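Everything below concerns the one structure shown next.
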Protein chains: 2
Amino acid sequence: MAKTSGYHHGDLHNALLAAAEALLEKQGVGGVSLREVAKTAGVSHTAPYRHFKDKNALLAALATTGYVRLAEAMEACVRDHPEDPLQQMSQASHAYVELAIGHPQVTNLMFGGVLQPADWSDELGKESNRAFEGLLTIVRNGQESGRYVDKETREIALLVWSTVHGFSMLCSAGHLHEVAEDPRQITALVDSMGGMLMQGILK
Amino acid sequence: MAKTSGYHHGDLHNALLAAAEALLEKQGVGGVSLREVAKTAGVSHTAPYRHFKDKNALLAALATTGYVRLAEAMEACVRDHPEDPLQQMSQASHAYVELAIGHPQVTNLMFGGVLQPADWSDELGKESNRAFEGLLTIVRNGQESGRYVDKETREIALLVWSTVHGFSMLCSAGHLHEVAEDPRQITALVDSMGGMLMQGILK
DNA sequence: ACCTGAACACCGTTCAAGT
DNA sequence: ACCTGAACACCGTTCAAGT
């Protein structure tokens, strides 16, 4: 299963990340302690310091995996519908919400402000930018096909990002537990809201 | 300044909340410890337990003050423009973003998932609902004036909430530090995005 | 290189005791 | 009623020491 090559573990780095993510999703960020993570991985409570500068660095690495997932999901939309920018956009919004619902606590960790900008690693920033660039590309594709309103690409992308992000955060933090519980309802809501966002709210 | 009536403090409850909010906004939620809050308020580290069940209860009370501010801001929009639902909506979006930027760490605490649903007090839920109801009213006013698209009030409100909320969270968590730093830029962005949201993105 | 155990400062929480 | 000090279990981090 694991490599178990070297002195003790072989791939302690990833084992720690996996243990931390499991703890995070089960208990929330408040339930993650470095000592518990180490115990789950089967090493002493100081071993993690060989792989991460401190606790925040581990959490930042966890958030980074979330940004990687998000960036790759955005890029997959372009690949899956190379000729249809509107389908790219639709898939992107569904993928964003799905990731937030599938990994709610990682989403909170990415965007919930527990990690302050000072804690962000270079890699986290890089992957976060890559995710936004993926969305920018999708908007740019729509503009180049002549389908979108004549506004700055960045502004349209920021509007879409804000909307999808806001909905995802409200879901992952539990604020929509009454209005939208099951996945079917959420899919329908995303479609309906996406339609309004594209067509506009005013008559 | 304070009441200093009773045995020691008179209004320790509010003194603790004020100390906690100051610590929170200065250091982020990770920098808030009950012992430090007590020290700042000038009492022993066990005194807070006379006023709050535990640390999460103090944080929940802090988040509740944020929801109160938000709910009152929403309700003020209706009062300030009794005959103009579109102005109500515009003011609401600006107020929401302003609160998030003015109290970024409280916003993170309200929506960032540190407080799990199990930690929510009844009062927090009540004020959170009141804030959303305020937004619902603004949307309903727009619908009754015949200006909005023929969709469920809840869905339009959820779309607007998601958009404004997403933008606010991206701001308060520091993810837009490059794209939008000064207040003037943010005001312009909110107007531009609000315009697109109302008119639609598609040609 | 990689890991450990002891140690330190700090934290949340409880509880018997003081006024 | 309101507050305190001692105590306990837990935590993040450092460091000398082990293989």
Side-chain angles (χ1 to χ4, degrees), chain A residues 2-24 26-63 105 109 114-116 118-121, chain B residues 2-24 26-63 105 109 114-116 118-121:
Chain A
K3 292 188 213 156
T4 63
S5 73
Y7 179 64
H8 198 160
H9 209 112
D11 196 13
L12 183 53
H13 183 95
N14 284 321
L16 290 169
L17 280 177
E21 181 155 8
L23 260 173
L24 176 68
K26 199 182 302 173
Q27 316 228 39
V29 67
V32 178
S33 84
L34 221 41
R35 292 170 103 108
E36 184 90 9
V37 168
K39 192 193 288 183
T40 305
V43 291
S44 80
H45 65 270
T46 59
Y49 288 90
R50 295 294 125 198
H51 298 272
F52 301 98
K53 187 180 133 285
D54 54 20
K55 185 187 179 183
N56 275 343
L58 199 175
L59 292 179
L62 220 46
Q105 303 295 352
L109 184 61
V114 168
L115 293 175
Q116 306 284 105
D119 303 318
W120 297 351
S121 66
Chain B
K3 291 190 215 152
T4 63
S5 73
Y7 178 63
H8 201 159
H9 209 111
D11 196 13
L12 184 52
H13 184 95
N14 285 321
L16 290 169
L17 280 177
E21 180 155 8
L23 261 172
L24 176 68
K26 198 181 303 176
Q27 316 228 40
V29 68
V32 178
S33 84
L34 221 42
R35 291 170 103 107
E36 184 89 8
V37 168
K39 192 193 288 183
T40 304
V43 291
S44 81
H45 65 269
T46 59
Y49 288 89
R50 295 293 125 199
H51 298 272
F52 300 97
K53 188 181 133 281
D54 55 19
K55 185 186 179 183
N56 274 344
L58 199 174
L59 292 179
L62 220 45
Q105 303 294 352
L109 184 61
V114 168
L115 293 175
Q116 307 284 105
D119 303 318
W120 296 352
S121 66

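A note on names: the letters A, B, ... follow the listed sequences, proteins ahead of strands, and every chain is numbered from 1. Because the structure is a prediction, the values reported are computed rather than measured.
- With sequence neighbours left out, D119(A) forms a side chain to side chain contact (heavy atoms under 4.5 Å, CB included) with N56(A), L115(A), Q116(A).
- Taking atom CZ of F52(A) as the reference point, atom C1' of dC2(C) lies 15 Å away to the nearest angstrom.
- K39(B) places its NZ atom 18 Å from the C1' atom of dC3(D), with the value rounded to the nearest Å.
- For A22(B), there are no side chain to side chain contact (heavy atoms under 4.5 Å, CB included) partners, not counting sequence neighbours.
- Considering only residues two or more places apart in sequence or on other chains, N14(A) meets the side-chain hydrogen bond (donor to acceptor under 3.5 Å, both in side chains) condition with D11(A).
- Here the side chain of L12(A) is nearest to one of dG5(C), dC3(C), dC3(D), namely dC3(C).
- Judged by closest nucleotide on DNA chain C, N56(B) is the one of R50(B) and N56(B) placed further toward the 5' end.
- Among residue pairs with one or both ends in residues 12-24 of chain A, those qualifying as salt bridge (charged side-chain N to carboxylate O under 4.0 Å, His left out) are E21(A)-R69(A); sequence neighbours excluded.
- In terms of the side chain to side chain contact (heavy atoms under 4.5 Å, CB included) criterion, residue partners of S44(A) (sequence neighbours excluded) are, by chain and number, T46(A), A47(A).
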For nucleotides 10-12 of chain C, tabulate all protein N/O to nucleotide N/O atom pairs closer than 3.5 Å, reporting atom names and distance.
{"residue": "dC11(C)", "atom": "OP1", "partner": "S33(B)", "partner atom": "OG", "Å": "3.3"}
{"residue": "dG12(C)", "atom": "OP1", "partner": "L34(B)", "partner atom": "N", "Å": "3.0"}
{"residue": "dG12(C)", "atom": "OP1", "partner": "K55(B)", "partner atom": "NZ", "Å": "3.2"}
{"residue": "dG12(C)", "atom": "OP2", "partner": "L34(B)", "partner atom": "N", "Å": "3.0"}
{"residue": "dG12(C)", "atom": "OP2", "partner": "R35(B)", "partner atom": "N", "Å": "3.2"}
{"residue": "dG12(C)", "atom": "N7", "partner": "R35(B)", "partner atom": "NH1", "Å": "2.5"}
{"residue": "dG12(C)", "atom": "O6", "partner": "R35(B)", "partner atom": "NH1", "Å": "2.9"}

Under 3.5 Å donor-acceptor pairs involving side-chain atoms of residues 30-39 of chain B, not counting sequence neighbours:
{"residue": "S33(B)", "atom": "OG", "partner": "E36(B)", "partner atom": "N", "Å": "3.0"}

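- Residue P48(A) comes nearest to L16(A) through the heavy atom pair CA-CD1, 3.8 Å, listed as atom of the first residue, atom of the second, then distance.
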Counting Watson-Crick and G-U wobble pairs with both distances under 3.5 Å, what is the dot-bracket string for DNA chain C, 5' to 3', using [ ] for crossing pairs and | for pairs to another strand?
||.|||||...|||||.||
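- In terms of heavy-atom proximity, L58(B) sits nearest to F52(B) at CA-CD2, 3.8 Å.
- Taking 4.0 angstrom as the limit, H51(A) places none of its side-chain polar atoms (N or O) nearer than this to OP1 or OP2 of dC2(C).
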